[in-house]
Amino acid sequence: MLRLDSDAQYVKGVGPRRAALLASRNIRNVEQLLLHLPKSYQDRAHFISLSALRIGQDAAVHARVYRSRIIQTRTRGRILDVILTDGSSFVHAKWFHGGYLQTREFSAGREVVLFGRVDFDRYESKFVFFNPEFELLDEGEDSTSLDLGRYVPVYEEVGGITSRQLRHIIAAALADLPKDINDPLPEDIRASHNFPDLRTCLERVHFPETDDDIGKLNQRRSPYHRRLIFEEFFLLELIFALRRLESRSREGVRFETSERIRQLVKMILPFHPTGAQKRVLKEIVADLKAPYPMMRLLQGDVGSGKTIVAFEAIVIAVANKYQAALMAPTEILAEQHFLNAKRILTPLSYRIAVVRRGIKKAEKQELLEKIASGEIQVIVGTHALIEEHTVFKNLGLVIIDEQHRFGVVQRLQLMAKGKSPNTLVMTATPIPRTLAMTLYGDLDLSVIDEMPPGRSPIRTLHAVERDGESVYRMIANELNQGRQAYVVYPVIEESEKIDLKSATEGFKKLLTIFTGRSVALLHGRMKSEEKEQTMAAFAAGQIHVLVSTTVIEVGVDVANATVMLIEHAERFGLAQLHQLRGRVGRGAHQSLCVLMTPSRLNDVARERIRAMVSTTDGFRLAEVDLELRGPGEMAGTRQSGIPEFRVANLITDGELLSLAQKEAQRFADRSEERGKLIEALSGKARLVTVG
Ligand code: ADP
Ligand code: MG
């Protein structure tokens with residue numbers, strides 16, 4: 001008898017050689033083998049007689065080879081042409097890139113199953129299948145019950161093990177598995193969602209019965225699929241739920257929010273918060289008042305107004321006599337937060353400082369002392385904040401902006417500077433909810449899903465080279481109305497390797513186009529001070545056209561800039577384009593973003609541009625990005641491990657993920673032996689890489 005955790009090589013028909021092939025695809029034990037689900041199902045319960053074939057029909061036929069030959073053509077290479085008969089009639093099957101298919105496999109009399117669309121070969125005046133899926137059956141072997149007369153599973157090959165071989169291996173594994181295998185899903189959860197038990201699911205997902213719905217099977221929506229997908233999500237979400245519970249049972253910094261403090265928070269507000277900002281602040285305040293340390297992720301699209309929410313939390317921390325630290329990924333952004341902090345917190349005259357990398361030693365020493373003594377209440381900085389010599393007196397609130405630019409480790413390092421401080425991580429790279437739930441599942445999630453009032457949506461245009469002049473005219477038009485412009489390039493300098501327009505060259509050219517305007521260049525190789533001066537001059541309106549690389553990507557906030565031209569937009573990822581575009585449309589004026597590309601684009605680039613033109617909704621764009629690139633390549637996720645699912649798919653199974661999260665939370669809440677559960681779950685083979 002096998003067990004789910006038995007080595008795959010003990011399954012009948014596997015052996016060491018195939019076991020190695022399976023292992024190369026991460027299939028090592030019986031459970032993993034059984035979770036190699038069919039890619040589709042064929043209806044071989046209903047074969048169509050060759051005499052009854054109709055043109056255009058998708059048909060499965062069961063026949064024998066009558067004759068086969070290779071036809072050598074001048075234009076289409078080798079074609080394998082096989083004539084089949086089932087006694088009632090004949091049909092041709094032709095494979096066009098048939099160089100690898102040999103006539104000897106299709107020897108006369110060989111039993112074959114074909115699956116494909118019936119076509120008419122005018123040349124031969126016969127019915128023909130072009131490049132059909134096929135399976136050669138072996139004489140004598142008892143194959144019929146698995147391969148014929150039923151809905152048959154079709155598998156993606158694994159290292160040369162064919163679909164049919166896998167079918168037989170999987171059938172052998174199921175046959176050797178005890179009838180009652182342990183089901184990790186709690187019974188009441190199964191019952192309330194009509195999920196069949198694990199054993200039934202494993203059997204029927206591979207070998208469905210004819211009363212199963214083959215349409216649903218093919219869409220991975222059969223009850224068996226749904227349950228297996230749910231289970232995979234459930235186990236992951238259960239770990240997260242338990243971790244959240246665990247962190248809630250820890251003693252953290254606890255803040256009071258008296259009427260006085262509420263008044264202080266109100267004093268800093270330069271505008272009426274949006275409904276979303278209010279809701280999110282409420283969620284944050286609930287955490288701050290609770291005995292456990294806050295662990296919250298604040299998601300909000302570019303320009304949705306996360307900053308003020310962060311500062312509200314800062315006021316609560318400082319009013320409770322704690323220090324607050326705000327860490328940003330770049331100097332420019334840290335500087336901007338510092339300026340914001342000084343401006344927004346003016347009414348409260350807090351002592352605020354920014355820790356820069358390049359400051360002079362003596363000055364830095366003095367600053368560090370003031371932080372250590374508690375004199376400085378609000379500390380803004382880059383990675384410098386987590387350097388060893390930065391010591392806080394009583395760090396009660398940690399805010400990390402643009403979370404995805406930092407690793408989990410850096411988050412923890414900053415948190416370690418206090419005693420279980422309240423932690424808020426913010427990200428302006430919207431990621432689809434499904435990804436957030438699998439990536440940051442140990443954090444509570446708040447989302448600002450509403451833009452501040454008075455914004456007119458950014459108009460986005462796609463332009464190609466020959467539109468250049470009219471694009472410059474549009475920019476000039478904005479400048480004439482007193483507005484400012486960004487022009488973004490993918491590289492600083494031209495190189496011989498790739499043929500790209502560069503910021504340096506572009507700058508020279510734009511100087512000649514926008515004569516009489518102040519045009520400036522900004523890029524990552526400039527000195528920090530120089531960059532800051534340039535940014536400050538742009539913010540002050542002294543520079544009209546800012547030519548730059550992606551250094552302006554994050555967080556820069558100049559409301560008077562209303563037009564952005566992105567050169568070689570095809571070179572940028574969707575998240576990056578969205579971030580860049582978010583630099584305009586920050587004020588009341590209608591803004592414009594022009595995406596300039598060569599006229600020939602590959603499919604993915606074209607889809608990206610199309611998405612950018614059609615929506616400004618960052619969450620929608622993130623979803624498109626997820627579809628175009630898959631979870632592993634999503635911006636903002638590379639540093640943290642996304643679990644690799646065997647059966648679940650984040651793009652199509654979001655609904656089951658939400659359900660699993662809800663059930664996992666409920667289960668964790670009522671479970672009495674959480675500690676044991678965590679241990680048992682962490683060892684589960686299914687969860688390959690849980691961060
Ligand atoms: P992000 O979420 O990208 O960090 P910011 O916090 O920088 O966005 O806010 C973008 C702009 O919107 C800022 O200029 C900010 O002052 C303004 N803003 C934010 N919230 C509101 C609001 N409720 N009403 C009006 N303006 C707002
Ligand atoms: Mg921001």
Side-chain angles (χ1 to χ4, degrees), residues 265-284 296-315 326-330 332-347 380 399-406 424-431 436 445-458 483-484 486 535 538-541 550 552-562 564 575-591 593 616-619 621-622 635-636:
V265 171
K266 272 214 185 110
M267 278 171 68
I268 66 158
L269 288 180
F271 37 63
H272 290 291
T274 61
Q277 284 170 322
K278 279 190 209 156
R279 189 191 66 237
V280 161
L281 182 67
K282 242 194 209 152
E283 291 164 357
I284 291 172
R296 188 167 285 279
L297 173 67
L298 175 56
Q299 269 212 68
D301 208 343
V302 197
S304 64
K306 293 181 293 298
T307 313
I308 195 71
V309 174
F311 282 112
E312 288 175 310
I314 288 175
V315 171
L326 173 52
M327 181 162 77
T330 64
I332 290 184
L333 198 52
E335 194 62 31
Q336 190 168 312
H337 277 315
F338 175 58
L339 295 176
N340 269 333
K342 281 204 294 198
R343 181 171 53 87
I344 294 174
L345 299 174
T346 308
V380 183
I399 298 179
I400 298 171
D401 197 13
E402 303 300 337
Q403 148 78 10
H404 68 281
R405 299 264 179 136
F406 296 104
L424 181 68
V425 298
M426 308 200 289
T427 173
T429 302
I431 57 176
L445 183 62
S446 288
V447 181
I448 303 187
D449 51 5
E450 181 186 349
M451 285 289 171
R455 304 267 174 90
S456 32
I458 304 166
R483 306 280 93 79
Q484 291 160 277
Y486 296 101
M535 271 320 299
F538 187 66
T550 56
I552 55 140
E553 186 187 338
V554 180
V556 172
D557 189 14
V558 179
N560 192 47
T562 54
M564 172 175 284
Q576 211 174 13
L577 288 174
H578 178 63
Q579 282 285 332
L580 285 168
R581 181 172 59 182
R583 298 309 110 218
V584 294
R586 300 179 78 84
H589 307 289
Q590 163 85 55
S591 288
C593 175
T616 52
D617 177 345
F619 286 93
L621 289 171

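The analysis underlying the following values was restricted to heavy atoms, covering all of them including side chains, and did not include hydrogens, waters or symmetry mates. Remember, it's 1-based here, ligands and their atoms both numbered in the order they're listed. Being a predicted model, the structure only gives us computed values, none of them experimental.
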Ligand 1 to G303 polar contact by distance, N or O atoms, under 3.5 Å: yes

Is there at least one pair of N or O atoms, one from G305 and one from ligand 1, spaced under 3.5 Å apart? yes

Relative to atom 1 (P) of ligand 1, which among K306, R583, R343, E450 owns the nearest non-hydrogen atom? K306

Between [X] and ligand 1, find which residue part has any heavy-atom pair under 4.0 Å and reply side chain, backbone, both or neither.
X    : answer
P273 : backbone
Q277 : side chain
I448 : neither

Output the list of atoms in ligand 1 that are nearer than 4.0 Å to some heavy atom of [X], sorted by atom number.
X    : answer
P452 : 18 (N), 19 (C), 20 (N), 21 (C), 22 (C), 24 (N), 25 (C), 26 (N), 27 (C)
D301 : 2 (O)
H272 : 22 (C), 23 (N), 24 (N)
T274 : 23 (N)

Can you tell me if D401 contacts ligand 1 (heavy atom of the residue under 4.0 Å from the ligand)?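 No, D401 has no heavy atom closer than 4.0 Å to ligand 1.
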
Can a non-hydrogen atom of S304 be found less than 4.0 Å from any atom of ligand 1? yes

When rounded to the nearest 0.5 angstrom, what distance separates [atom1] in [X] from [atom2] in [Y]?
X    : Y    : atom1 : atom2 : result
N560 : S591 : CG    : OG    : 9.5 Å
N340 : L333 : CG    : CG    : 9.5 Å
I400 : M426 : CD1   : CE    : 10.0 Å

Salt-bridged, K306 to D301, with N to O below 4.0 Å?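 Between D301 and K306 there is no salt bridge, as every charged N stays at least 4.0 Å from the carboxylate O atoms.
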
With side chains defined as the heavy atoms from C-beta onward, is the minimum distance between F311 and T307 less than 4.5 Å?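 The answer is yes; the side chains approach within 4.5 Å.
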
Would a 4.5 Å heavy-atom cut-off, applied to side chains only, mark P273 and L281 as touching?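 SC-SC contact between P273 and L281 ruled out.
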
Derivation of the side chain to side chain donor-acceptor pair (under 3.5 Å) call for E283 and S446: CA-CA 7 Å; E283 291 164 357; S446 288; 2.5 Å; yes

What is the ring orientation for F538 with Y486, classed by angle as parallel under 30°, tilted 30 to 60°, or perpendicular over 60°? tilted

